[in-house]
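These numbers were taken from a predicted model, which means no experiment stands behind them.
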Amino acid sequence: MRKIIVLSFITLDGVMQAPGGPEEDPSGDFKNGGWTAPYGDEAGGKVMQKQLPPADLLLGRKTFEIFESYWPQHAEHWPGVNEVTKYVLSNTVKKSDWTNVEFLTSVADIEKLKNSDGGDIKIWGSSGLVQLLLKHGLVDEFWLNIHPVVLGKGKKLFDDGAIPAAFTLVESTATPKGVIMANYKKAGEVKTGTVGE
């Protein structure tokens, strides 16, 4: 069984839209694209290098289209991105000129992929896809880069549809510019109790 790992740049209020630049995803009249730029530093860069080694990708259609228009010509910044398999959940897009792209159309397709042999599968961006996976309990790990900013509006990582699950912090770094980079691994069901008893 393969692990599905969600990697996301998020704000304190959970916004994940257009972290890399103003033109990345202005949908919904989003005006704060590029909000991660002021927080880059050497410490964060070192952690990012640990997150970027080649792995198959699972992407929603919108994120795939953003990636497809950029990464084939800039692969020197993400070695292996052209060689790994890019699985895309879409009912509208069926083909691509980018190498190693396969299209999926349902949660059942994703479950079949997860149950196949192979390495980890990483998800970047793809807010709607992540929320769909959380509704079906298919996320094994979160690698979150939490930035010290609140945006109010924008696509969020979490909605109200996730199946409750507990996670364990397995690694974390706080950068000099205030970004908390935290890796969480699924740890089973949510446990509850009464504080103080």
Are any non-hydrogen side-chain atoms of [X] and [Y] less than 4.5 angstrom apart?
X: I123; Y: V130; answer: yes
X: L134; Y: H136; answer: no
X: I10; Y: N145; answer: no
X: F30; Y: V15; answer: yes
X: I5; Y: I121; answer: no
X: I110; Y: L58; answer: yes
X: Q51; Y: M48; answer: yes
X: L151; Y: T11; answer: yes

Gap separating the [atom1] atom of [X] from the [atom2] atom of [Y], nearest 0.5 angstrom:
X: S126; Y: L132; atom1: OG; atom2: CG; result: 11.0 Å
X: Q131; Y: K156; atom1: CD; atom2: NZ; result: 10.5 Å
X: E171; Y: Y184; atom1: CD; atom2: OH; result: 12.0 Å
X: K112; Y: S106; atom1: NZ; atom2: OG; result: 10.0 Å
X: L138; Y: I163; atom1: CG; atom2: CD1; result: 7.5 Å
X: T105; Y: N91; atom1: OG1; atom2: CG; result: 6.0 Å

Is it true that [X] and [Y] make a salt bridge, defined as a side-chain N closer than 4.0 Å to a carboxylate O?
X: E102; Y: K86; answer: no
X: D120; Y: K122; answer: no
X: K155; Y: D25; answer: yes

Do you reckon [X] sits in the same ILVMFWY cluster as [Y], going by side-chain contacts under 4.5 Å, direct or chained?
X: F64; Y: I4; value: no
X: W124; Y: M16; value: no
X: Y39; Y: V47; value: yes
X: Y87; Y: V93; value: no
X: I180; Y: L12; value: yes

Could you point out which residue of L7, L157, N183, V179 forms a side chain to side chain contact (heavy atoms under 4.5 Å, CB included) with L144? L157

Could you go through L104 and V88, starting from their C-alpha distance and side-chain angles, then the distance that decides it, and tell me whether this counts as side-chain contact (heavy atoms from CB on, under 4.5 Å)? CA-CA 6 Å; L104 311 175; V88 183; over 6 Å; no

Please walk me through it: do N32 and K153 pass side-chain contact (heavy atoms from CB on, under 4.5 Å)? CA-CA 9 Å; N32 290 303; K153 290 184 173 182; over 6 Å; no

Which heavy atom of [X] sits nearest a heavy atom of [Y], and at what distance?
X: P148; Y: G178; answer: CD-O, 3.5 Å
X: P54; Y: G80; answer: CG-CA, 4.1 Å
X: A182; Y: L169; answer: CB-CD1, 3.8 Å
X: P176; Y: D41; answer: CD-OD2, 3.3 Å
X: N82; Y: A75; answer: ND2-CB, 3.3 Å

Consider only side-chain N and O atoms of E83 and T99, and report whether a donor and an acceptor are under 3.5 Å apart. no

Have Q73 and W71 got a donor and an acceptor in their side chains that come within less than 3.5 Å? no

Reference residue D140; test salt bridge (Lys or Arg N to Asp or Glu O under 4.0 Å); the match among K185, K114, R2, K186: K114

Would S96 and E68 count as a side chain to side chain donor-acceptor pair (under 3.5 Å) here? Give the steps. CA-CA 8 Å; S96 171; E68 181 186 36; 2.5 Å; yes

How about [X]: does its [atom1] atom have over 12 heavy atoms from other parts shown lying under 6.0 Å from it?
X: K191; atom1: NZ; value: no
X: E42; atom1: CD; value: no
X: D97; atom1: CG; value: no

Can you label the angle between the W35 ring and the H147 ring as parallel, tilted or perpendicular, going by 30° and 60°? perpendicular

Run the numbers on S27 and Q17 for side-chain contact (heavy atoms from CB on, under 4.5 Å), then give the verdict. CA-CA 9 Å; S27 63; Q17 186 170 353; 3.5 Å; yes

Does the pair E24 and I66 meet the rule for a side-chain contact (heavy atoms from CB on, under 4.5 Å), with working shown? CA-CA 7 Å; E24 191 174 65; I66 292 168; 4.2 Å; yes

Measure from the ring center of F142 to the ring center of F158 and say whether it is less than 6.0 Å. yes

